[in-house]
Amino acid sequence: MSVEETIREKLTAAFAPSLLEVINESDKHRGHAGSPGTGESHFAVKIEAAAFAGTSRIARQRMVMAALEDELAGPVHALSIKADAPAHD
Amino acid sequence: MSDQATNDRIQDYVNKDDVVLFMKGTPIFPQCGFSSVVSQVLDHLQVKFQSYNVLDDMDLRQGIKEFSDWPTIPQLYVKGEFVGGCDIVREMFESGELQQLMTDKNVARAS
């Protein structure tokens, strides 16, 4: 399974998100200092889930980072997170 | 594990200045795109900030992660309080909340 698929799977399992985008941005960072050049190192996540309702920005980021702890300790060098509760309609 | 001395040192840093940025590199020569973004936002807001380069200091690099319970760098503190990393700073800047926070906390301006 690719790192991107693992991220998607773990976030889906942890938060049952109503919106989830996982974007591999590794190509944008190829060759810069600290980039491992694996093609699976830099990701951006956009996630909306009811689990985030009433939480602070710091709490939401911590929740997402905790769900991806193994990836952050391993192949993922950088992770940009935009986490929100679903907008009210 | 970081030791108590490192923890105390970080506590001193965040108490000593209104706005403190832990980053990779320096505002003039940032070594990471995320650190660069936060440093530029602070410049843009014209607040006075003290930066610490974690790449120069391995105790600090590990210690700040434990101090804040936050696994990544950069990290921004305002008046001793952890604000967040690059994503949060960027979101708060774009929504105007960061400017408001600086005003509300009455932080020192860049001279």
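In the text below, chain A, chain B and the rest are named by the order of the sequence lines, each starting its count at 1. Keep in mind that what you see is a predicted model, and the values were worked out from it rather than measured.
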*Give a yes or no on whether the backbone of Ile81(A) and the side-chain of Asp87(B) come within a donor-acceptor separation of less than 3.5 Å.*
yes
Query - Shared-cluster residues of Ile28(B), by chain and number - hydrophobic side chains joined below 4.5 Å - result: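 Other cluster members: Phe29(B).
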Q) Where does Phe34(B) contact chain A at under 4.5 Å (heavy atoms): side chain, backbone, both or neither? A)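 Answer is side chain: those atoms of Phe34(B) sit under 4.5 Å from chain A.
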| With a 4.5 Å limit on heavy-atom distance, are the side chains of Glu97(B) and Arg57(A) in contact? |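 Yes, their side chains come closer than 4.5 Å.
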Under a 4.5 Å heavy-atom criterion, the part of residues 11-24 of chain A in contact with chain B comprises none
By residue number, those in residues 58-73 of chain A with heavy atoms under 4.5 Å from heavy atoms of chain B are Ile58(A), Gln61(A), Arg62(A), Met65(A)
* **Top contributor to chain A interface from Met92(B), Glu91(B), Arg90(B), Lys24(B) [non-hydrogen pairs under 4.5 Å]** =>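 With the most close heavy-atom pairs to chain A, the winner is Glu91(B).
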Ranked by heavy-atom pairs below 4.5 Å to chain A, first place among Val83(B), Asp69(B), Thr72(B) goes to Asp69(B)
Gln100(B) meets the side-chain hydrogen bond (donor to acceptor under 3.5 Å, both in side chains) criterion, sequence neighbours left out, with Asp104(B)
Quiz item: Would you find more than 12 non-hydrogen atoms of other residues, nucleotides or ligands less than 6.0 Å from Gln50(B) atom CD?
Solution: yes
